[in-house]
Amino acid sequence: MKKKNCFYVKIVFALAFVLALASCSTFIDDLNRPEGFVKISGASYDGLTQVSPNSLAFALGRTVTIPDLYVCPHEVTQKEYETYCSYLGTETVGGNLQNLHPNGNFGVGGNHPVYYVNWFDAIAYCNTRSIAEGRRPCYSVNGDTDYTHWAGGYIPSGSGNQTYNIWNTVECDFSANGYRLPTDAEWEYLARGGSWDSYTYSGSDELDDVAWHRTNSGGPDVMYLNLKSHEVMTKAPNSFGLYDMSGNVREWCWTKSSDQGKRIVHGGSYDETNDDVYKVSERRPDFPFSRTAVTGFRVVCTAD
């Protein structure tokens, strides 16, 4: 009888230990997860089955592994960006140099997505926010994570190769817990909601359900003269609880394309003439120094 009771006691202690471990794991996860972020479990694609809609990131014959991620459910907002960074873009209008920053023509407000930011601006934001929050920065040049030391050819305004001679050597430490841009494959996996056979757009086959796009972002204006961004998280999310991965503003990714040092952008914007650009499988290259009123970004962290 005593042996039987001892056995039950051992079972109770074992269960208590397992529950304690689970509770501890949840507690650590809560500590590491940035406030408001969603934890997304990763997955592996073996390259043996056709992904639909057809994908370049998840192509037949190519194996891809997506790590566990903490993901911001929305595009970086103007309020978030302005907490850590300043707008650096300029353009010449009528012979006068003027600053580029969000304005009423294209949507302005704390909860609107940031735009007029290039790929370099997004990288700088990621490291600056990481350092401010005590996270290990992901991006470095020759081991230096302080982007203010990287100047050496990066001119905040203008265009041409001189704007990214040194910045084009930025490396990413994917093991760091700081903020970073998703890779091409990570972005598409997130937009698909984890399904290899997903909706056409991120969360629906009906574009209006999930996206601010050319035919609904300007109100009743049928001439498309008042198109602008809208506050984040005002359309339906996908199955991961992520918003605006189709439409609102396009999003920079970490991945370099094979086209003249350009970087991948995903998602389509409030001002696109072709519905294909909003598809989860669609990707396009853009120059990393390009600042437009239709491109912003979203951040993720590698989960421990």
Is there a side-chain contact between [X] and [Y] (heavy atoms, below 4.5 Å)?
| X | Y | answer |
| --- | --- | --- |
| Arg214 | Asn274 | no |
| Lys39 | Arg33 | yes |
| Arg291 | Asp121 | yes |
| Val249 | Val294 | no |

Using the test salt bridge (charged side-chain N to carboxylate O under 4.0 Å, His left out), find all partners of Arg62 that sit at least two apart in sequence or belong to another chain.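 Here no residue qualifies.
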Which class fits the ring pair Tyr147 and Trp150: parallel under 30°, tilted 30 to 60°, perpendicular over 60°?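 Correct class here is perpendicular.
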Linking Ile, Leu, Val, Met, Phe, Trp and Tyr through side-chain heavy atoms less than 4.5 Å apart, which residues share a cluster with [X]?
| X | result |
| --- | --- |
| Leu207 | Tyr201, Val210, Val277, Tyr278 |
| Leu242 | Val38, Ile40, Tyr45, Val51, Phe58, Leu60, Val64, Ile66, Leu69, Val71, Trp187, Tyr189, Leu190, Trp196, Phe240, Met245, Val300 |
| Met233 | Val232, Tyr243 |

Under 3.5 Å, is there a donor on one side chain and an acceptor on the other for Thr200 and Asp205?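 The criterion, which ignores hydrogens and geometry beyond distance, is satisfied for Asp205 and Thr200.
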Side-chain donor-acceptor contact under 3.5 Å, Glu272 with Ser269: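 Indeed, the side chains of Glu272 and Ser269 share at least one donor-acceptor pair under 3.5 Å.
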Among Lys256, Arg250, Lys262, Arg263, which residue satisfies the salt bridge (charged side-chain N to carboxylate O under 4.0 Å, His left out) criterion with Asp286?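 In the set Lys256, Arg250, Lys262, Arg263, the residue that makes a salt bridge (charged side-chain N to carboxylate O under 4.0 Å, His left out) with Asp286 is Arg250.
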Going hydrophobic residue to hydrophobic residue with side-chain gaps under 4.5 angstrom, can you get from Phe174 over to Phe37?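 Same cluster.
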In terms of hydrophobic clustering (I, L, V, M, F, W, Y; side-chain heavy atoms under 4.5 Å; direct or indirect links), are Tyr84 and Val299 co-clustered?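 Linked, Tyr84 and Val299 end up in one cluster.
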Sequence neighbours left out, what passes ring-ring contact (aromatic ring centres under 6.0 Å, His included) with Tyr115? Give chain and number order.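 Tyr115 satisfies ring-ring contact (aromatic ring centres under 6.0 Å, His included) with no other residue.
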With sequence neighbours excluded, what pairs up with Tyr139 under the ring-ring contact (aromatic ring centres under 6.0 Å, His included) test?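 Per chain and number, Tyr139 pairs via ring-ring contact (aromatic ring centres under 6.0 Å, His included) with Trp254.
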Please check if atom CG in Asn142 has more than 12 non-hydrogen atoms from other residues, nucleotides or ligands closer than 6.0 Å.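 No, the 6.0 Å shell around CG holds no more than 12 heavy atoms from other groups.
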Can you tell me if Tyr199 has over 12 outside heavy atoms packed within less than 6.0 Å of its OH?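 Incorrect, the count does not exceed 12.
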Let's go through Thr255 and Asp184 carefully: what are the C-alpha distance in whole Å and the side-chain angles of both, what is the deciding distance for side chain to side chain donor-acceptor pair (under 3.5 Å) to 0.1 Å, and is it a yes or a no? CA-CA 6 Å; Thr255 306; Asp184 175 30; 5.2 Å; no
Among Asn177, Asp173, Thr145, find the one that has a side chain to side chain donor-acceptor pair (under 3.5 Å) with Arg136.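 One option only clears the test, and that one is Asp173.
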